[in-house]
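Every number for a ligand or one of its atoms is a count from 1 in the order of the listing. Everything numeric in this text was worked out from a predicted model, so none of it was measured.
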Amino acid sequence: MAPQPFTGAFTQQEPLDDAAIAAAVRVLKTGRLHRYNTVAGETSEVALLEAEFAAWQGVQYCLACASGGYAMHIALLAAGMMKDEPVLTNAFTLSPVPGAIVNAGGKPVLVECTRDLVIDLDDLERKATASGARFLLLSHMRGHIADMDRLCAIAAKAGILVIEDCAHTMGARWGGRKSGNFGLAACFSTQTYKHMNSGEGGLLTSDDPDFMARAIILSGSYMLYERHGAAPDARHFEQVRLETPNCSGRMDNLRAAILRPQLAGLEANIVRWNDRYHAIEAILRKSGLFHLPERPAAESPVGSSIQFLIEGISEPDARRFVNDAKALGVELKWFGDANPVAFTSNHHSWRFLDDQHLPQTDETLSGVFDMRIPLTFSLEDCAHIAEIIVHCGRLLALKGAA
Ligand SMILES: *Cc1c(COP(=O)(O)O)cnc(C)c1O
């Protein structure tokens, strides 16, 4: 018998809490929304957020900016990427990642994805040599973290600088170390569908003072870099301030004001996400119908979304599975779709790149289904959703047997 339909909304985040709303109103009442618009003795909300995020992440420097994609764009430039240089990145990621490389003037070289949805380290090793790339923009896509020990060894041996895209791993860890602290720099997004919500926004972190000085000037600091919350000493700016273009992409005080209380509640939300993830995962796993990406003991992810594979599924069956789930109120995304739908994307639809041959990624993605887990879902909702997915999986299996 079919389960009851689910009626919750997959794109509904939690409302902002009273502390965030009060902070926003305070900023609005001052009229000082621009990050450099302060009165004597005042530290701006953006500078406070930078200091708090750097402390939380466990790094020296943090720059708040306009979006996660923008943070990746200026990170590549601040790292010294030159026009038309190859930049290694994941074949399985979202379009803002190759977009940031192209925006910075680079050429994405896509690296294969494994059936556990991480970058294929054998292919990375091959392409690190073959491409001559000096940079890897590593996307921890959907929160799956590759073996960072081996990845860092490959990068070090090839002389490659790593910039981490932590849009889905804010607060996650590998071997106890925070995601984002493995390379030269890390980029985070505070767009509505990530782990903190300011509508739009990004955070760039690093322990390298010269890199961060260039990034701050790039972000459009109008020589007001001393008003930053987690910036290197003024001496690191002496040269770069005159040599680096202003590519305005700052964060404003309103966004920072609503992010600061969210940062204070982030650890608690990570526990809530993981509870929901495990509630769904347990039911999917028990059914025996799906491959759930392996999560090594060293990985402590944030379960803000879930992915599972039906390996070898045909295109008509994948569409039928998504439609059956949708009829029961469950919104699944299929990454094998040749046509990008909303937040799915497939490298074949990035026609602004040179065509790349990625047979392993194509085969993997043809069976990948993806679902968001907003915190507005209760644990009961999660169990209900998982039962619907299992039901739809059984319908396919029955059809196969018939
Ligand atoms: C959302 C996202 C980004 C970029 O974030 P924006 O703030 O939307 O620019 C980067 N990488 C991945 C994997 C994302 O999902």
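- Taking the six-membered ring for Trp and thresholds of 30 and 60 degrees, F290 and F321 have ring planes inclined between 30 and 60 degrees apart.
- Under the 4.5 Å side-chain criterion, counting only non-hydrogen atoms from C-beta, V390 is in contact with L284.
- Of the protein's heavy atoms, G69 N, 3.7 Å lies nearest to atom 4 (C) of ligand 1.
- The shortest N or O to N or O distance between Q191 and ligand 1 is under 3.5 Å.
- Atoms of ligand 1 found under 4.0 Å from any heavy atom of L94 (numbered from 1 in listed order, with element): 14 (C), 15 (O).
- For the residues S189, A167, C166, the heavy atom positioned nearest atom 7 (O) of ligand 1 is part of S189.
- Between the side chain of R142 and the backbone N or O of D370, no donor-acceptor pair lies under 3.5 Å.
- When heavy-atom distances to ligand 1 are checked against a 4.0 Å cut-off, T190 has no atom that comes that close, whether in backbone or side chain.
- Between E14 and R272 there is a salt bridge, since a side-chain N of the basic residue sits under 4.0 Å from a carboxylate O of the acidic one.
- Between E125 and R150 a salt bridge is recorded (basic side-chain N to carboxylate O distance below 4.0 Å).
- Taking 4.0 Å as the cut-off, M72 counts as a neighbour of ligand 1 on heavy-atom distance.
- Of the polar atoms of D165, at least one N or O is found under 3.5 Å from an N or O of ligand 1, judged by distance alone.
- At a heavy-atom distance under 4.0 Å, only side-chain atoms of S139, from C-beta outward, approach ligand 1.
- Within the structure, ring pair (Phe, Tyr, Trp, His ring centres under 6.0 Å) pairs that include any residue of residues 229-288 comprise H195-W273, Y225-F237 (at least two apart or interchain).
- Contacts of Q360 classified as side chain to side chain donor-acceptor pair (under 3.5 Å), with partners at least two apart in sequence or in another chain: D120.
- Within the 3.5 Å criterion, the main-chain N or O of V118 finds no donor-acceptor partner in the side chain of D116.
- For atom 15 (O) of ligand 1, the closest heavy atom belonging to the protein is H168 NE2, 2.6 Å.
- Listed by number with element, the atoms of ligand 1 under 4.0 Å from a non-hydrogen atom of V97 are 11 (N).
- At least one heavy atom of K194 lies less than 4.0 angstrom from ligand 1.
- For a threshold of 3.5 Å applied to N or O pairs, the pair formed by G68 and ligand 1 contains at least one separation below that value.
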